[in-house]
Amino acid sequence: MSTVREVTFEVLRRFGLTTIFCNPGSTEVALLTGLPDDLRFVLALHEGSVVGMATGWAIGHGAPGLAVLHTAAGLGNAVGAIATARANRVPLVILVGQQDRRHLALEPFLTGRLAGLAGDYPVWVDQPVRAQDVPGALARAYHEAVTFRGPALVVVPLDDWAAPFEDETIAAPTRLLRPAAVPDESLAPLAALLSDARSPAIVAGSGVRAAGWAAVVALAERLGCPVWQESFGAMAGFPQDHPQYAGVLPADRARLRAALAAHDVVLAVGAPVFRQYPFDTGPLVEPGTTVALVTDDPAEAHRSPADLAYLAAPAAVCERLAVLVPARPAPLRPAPGGSELPPEGEVLRAAHVLHQLARRLPADAVLVEETPSSRPDLHRLVPARNPLGFVSAAMGGLGFGVPAAVGLRMSLPDRPVVAVVGDGSALYGVHALWSAAHYRVGALFVVLANGRYAIMDRLADKAGGKAPWPAFTEVSMGGMARSLGCAAKRVDTAEELAAVLDEVVPTLVDREEPLLLEVTVAVDPDFQP
C-alpha cells in the first residue's frame, strides 16, 4: 500500500519539483529522512535564503521552485522573501511543516498558527483537511503558482506522510494548458490606437519575460518608438543596448509626466501603470496622453488607471500587433554616456566599479542587483542585453541578491552569474554564501562596501534631520564570507579592481567556486535617491 509521502514524491517528479530548498526542523523529518536519490536536497542556513534561493532557481528555470519551511519559525523568517517572490511574480511551491495532526487541538510545542502568517503574499494557501488530500494540494499549488505567478503554500502535519494512500483521488489536473493566443478582432482597438498615434511610446516591464523580448522588439521597431523600462522592476523587459531604449522610467509623478509628455499614446507591456516611489501630486501623464496596458497579471490590470487594458499574454499580443500596425521610421537617439576610472590615488566610487564590470561582462551574463544607492549608476552603465541581464527585488526589501544569485547559478550552470550588492544588503542574505560554497556554485558576488546605509543617510538629509543610525565600518564582508567557506578578496584601488576582474570574469562560465569581492567605495556626494 502506498503512503502519502510516496505519492507526494510522484507528484513532485511529475511537475519537476525535484530540487528541495530547505532549512529543516523536526516537523519535516518524516518527509525528508531517506529521500529518494532522484530528489536533491539543498540546505540553506536561514529561511530567507531558502526562499531566496528557490526564487532564483525558479527565475532561471522559468518554472516553480520548491521550498520546505519549518512551522511558524521557518515561515515567519521567510515572509519577507515570500513577499519579494510575489512582487517579482515568481512561481513557488512552499511546503510548511506542522505539528502532529492527532494532537493539534491541544497546541503542543511547535504548533504553528500558519494560515495567515504570510499575510496576503501567497497566491494560494491550503491546510488539507485529510492526510490523503496532501498530494492533490501540492499538485494544485503548482498550478496556482504558475497561473497567478507567485508563491503557493501548503501546510502539512508531520504524521500525514505515513498515512495510507489507496484508491484516493488527486484533486488537481495532471496537465493544465493555458492557451495564450489573442484573436485579431480583440486587438483591433489597440491596433487602431497605435496606428493613429502621432508619437507612441512603450513601457516594458518584467512581465514581458524571456518569451516576450523578441515580440516587444519587433513591435517597437515597427512603431519606431522609444521604449522605457518600468521603474523598480524585477527584470528587464527590453534589450537595454537597443538604439530605441530610452532608459528607466522615473518613479515620481513630476518627472514621469515630463518623460512621457511628448507622447500621445503610451503602451505599458508587462508593467504596471505606473510604478511610483515617493508620493507626488498631480496626474501620472499629461492631459491628452492615452495609456494602454497589456499584462497577464489580473491584479495589475484591475488596479491600473489605463484607458484601455488587456488581460493577456504580452508576448502573444505584441507579436500580433507588430503585424497589424503600420511601420514607421525610428528617430536617431544619442548613445548613452559612460564613466571612466578616477585618477590614480583617488578613491573608488560605485560608478567606476560598475563601468569596469560592464566592460568585461559577456552578453549572456545574468546580473542580480541589490544596491539601492548605486542602482541609478548600474542602470546607466550596465545595460541588460538578455532577459536575465538585470534581476532585482521588486518588493524593495533587502536580502534577495545573494541567495537569488545562488539559485540562478544552480539552475543555469552554463551561464555566468554576477550579483552586485551593497554591504548593507548583503548582510541580510549572507547565509547563502555557505550554500554557494558547499554546493560549488560558481557565482561572483561584487559587494560595494561603504560601511553604511547610504540611501538612508541621504533620505535623512532630504528630510532635514539627523540620522540616528550609525555607520557599520567595523563589518568585514570578506571576513564573513570566509567564515562561511566562501573565498573572498578585498579591493581598494582601481588597479586592484581591473586586475581581479580580468582574472575572474573570463572564468565565470566554468567556475565551480564562489568568490566575493569586497570593493571599498566612497559615497557619491551627488547621489539622489
Side-chain angles (χ1 to χ4, degrees), residues 5 8 12 17 19-33 35 39-58 64-86 90-101 103-104 107-128 134 137-138 141-142 145 150-161 393 395 397-400 402-404 406-407 427-435 438-439 484:
R5 180 176 185 261
T8 294
L12 297 183
L17 298 170
T19 297
I20 303 170
F21 295 92
C22 182
N23 183 268
S26 58
T27 52
E28 295 76 55
V29 168
L31 168 67
L32 299 172
T33 301
L35 279 178
L39 300 182
R40 183 187 187 191
F41 182 92
V42 177
L43 176 66
L45 303 186
H46 184 274
E47 289 85 0
S49 292
V50 168
V51 174
M53 289 163 59
T55 300
W57 172 274
L66 173 62
V68 175
L69 303 176
H70 173 52
T71 190
L75 180 56
N77 284 341
V79 169
I82 291 170
T84 294
R86 177 66 180 270
V90 176
L92 297 177
V93 174
I94 299 177
L95 192 159
V96 183
Q98 174 63 293
Q99 247 285 8
D100 194 303
R101 185 188 292 270
H103 65 162
L104 278 178
E107 293 200 20
F109 181 67
L110 287 178
T111 300
R113 299 181 183 181
L114 304 174
L117 187 54
D120 293 331
Y121 290 114
V123 297
W124 185 69
V125 177
D126 191 33
Q127 299 185 90
V134 168
L138 288 167
Y142 178 92
L153 192 151
V154 179
V155 177
V156 183
L158 65 89
D159 59 311
D160 282 9
W161 301 115
M395 186 65 192
L398 301 181
F400 171 79
V402 174
V406 176
L427 286 169
Y428 283 80
V430 68
H431 321 82
L433 293 176
W434 179 88
S435 300
H438 183 82
Y439 294 104
L484 293 166

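Since the model is a prediction, treat every value here as computed from it, not as a measurement.
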Novice: Name every donor-acceptor pair, under 3.5 Å, that has one atom in a side chain of residues 79-86 and the other anywhere in the protein, sequence neighbours excluded.
Specialist:
residue: Thr84; atom: OG1; partner: Gly80; partner atom: O; Å: 3.3
residue: Arg86; atom: NH1; partner: Asp120; partner atom: O; Å: 3.0
residue: Arg86; atom: NH1; partner: Tyr121; partner atom: O; Å: 2.9
residue: Arg86; atom: NH1; partner: Pro122; partner atom: O; Å: 3.3

Novice: Would you list the pairs meeting salt bridge (Lys or Arg N to Asp or Glu O under 4.0 Å) in which at least one residue belongs to residues 107-117, sequence neighbours left out?
Specialist: Glu107-Arg113
Novice: Taking all atoms of both residues into account, what is the closest heavy-atom pair of Ala152 and Ala141, and its distance?
Specialist: CB-O, 3.3 Å
Novice: Fit a plane to each ring of Tyr439 and Trp434, take the angle between them on a 0 to 90° scale, and name the class: parallel (under 30°), tilted (30 to 60°) or perpendicular (over 60°).
Specialist: perpendicular
Novice: Who are the side chain to side chain donor-acceptor pair (under 3.5 Å) partners of Glu47, not counting sequence neighbours?
Specialist: Asn77
Novice: List in chain and number order the residues that pass salt bridge (Lys or Arg N to Asp or Glu O under 4.0 Å) with Arg40, two or more places apart in sequence or in another chain; answer none if no residue qualifies.
Specialist: none
Novice: Report yes if some heavy atom in the side chain of Leu104 is under 4.5 Å from a heavy atom in the side chain of Thr111; otherwise report no.
Specialist: yes
Novice: Determine the minimum heavy-atom distance between Gly65 and Ala58, stating which atoms define it.
Specialist: N-CB, 3.6 Å
Novice: How far does OH of Tyr142 sit from CG of Leu12, to the nearest 0.5 angstrom?
Specialist: 11.5 Å
Novice: Suppose we screen for side-chain contact (heavy atoms from CB on, under 4.5 Å). Which residues come up paired with Ala54, at least two apart in sequence or across chains?
Specialist: Phe21, Ala67, Leu92
Novice: Please identify each residue that fulfils side-chain contact (heavy atoms from CB on, under 4.5 Å) with Leu110, with sequence neighbours left out.
Specialist: Ser26, His70, Thr71, Gln99
Novice: Compare every heavy atom of Met53 with every heavy atom of Ala432, then report the nearest pair and how far apart it is.
Specialist: CB-SD, 4.3 Å
Novice: Please determine which of Pro24, Ser435, Cys22, Ser49 meets the side-chain contact (heavy atoms from CB on, under 4.5 Å) test together with Leu43.
Specialist: Pro24
Novice: Is there a side chain to side chain contact (heavy atoms under 4.5 Å, CB included) between Leu17 and Leu138? Walk through the geometry before answering.
Specialist: CA-CA 10 Å; Leu17 298 170; Leu138 288 167; over 6 Å; no
Novice: Listed by chain and number, what are the side-chain contact (heavy atoms from CB on, under 4.5 Å) partners of Leu117, not counting sequence neighbours?
Specialist: Ala72, Leu75, Leu114
Novice: Check side chain to side chain donor-acceptor pair (under 3.5 Å) between Asp159 and all other residues, then give those that pass, not counting sequence neighbours.
Specialist: none
Novice: Does Arg101 use its side chain to pair, donor to acceptor, with the backbone of Asp160 at less than 3.5 Å?
Specialist: no
Novice: Check side chain to side chain donor-acceptor pair (under 3.5 Å) between His438 and all other residues, then give those that pass, not counting sequence neighbours.
Specialist: none
Novice: Roughly how far, to the nearest 0.5 Å, is CZ of Phe109 from NE2 of His103?
Specialist: 11.5 Å
Novice: If every non-hydrogen atom of Ala137 is compared with every non-hydrogen atom of Val154, which pair is closest and at what distance?
Specialist: O-CG2, 3.8 Å
Novice: Got a sec, which residues hit side chain to side chain donor-acceptor pair (under 3.5 Å) with Asn23, two or more places apart in sequence or on another chain?
Specialist: none
Novice: When rounded to the nearest 0.5 angstrom, what is the spacing between CD in Gln127 and CG in Leu153?
Specialist: 9.0 Å
Novice: Does Val156 form a side chain to side chain contact (heavy atoms under 4.5 Å, CB included) with Thr8? I'd like the steps, not just the answer.
Specialist: CA-CA 11 Å; Val156 183; Thr8 294; over 6 Å; no
Novice: OG1 of Thr19 to CH2 of Trp57: how many Å apart, nearest 0.5 Å?
Specialist: 3.5 Å
Novice: I would like to know whether Val51 and Leu69 meet side chain to side chain contact (heavy atoms under 4.5 Å, CB included); could you show each step before the answer?
Specialist: CA-CA 9 Å; Val51 174; Leu69 303 176; 4.2 Å; yes
Novice: If I compare all heavy atoms of Thr33 with all of Arg5, which pair ends up nearest, and what's the gap?
Specialist: O-NH2, 2.7 Å
Novice: Looking at every heavy atom in both Gly399 and Tyr428, which two are closest together, and how far apart are they?
Specialist: CA-CB, 3.5 Å
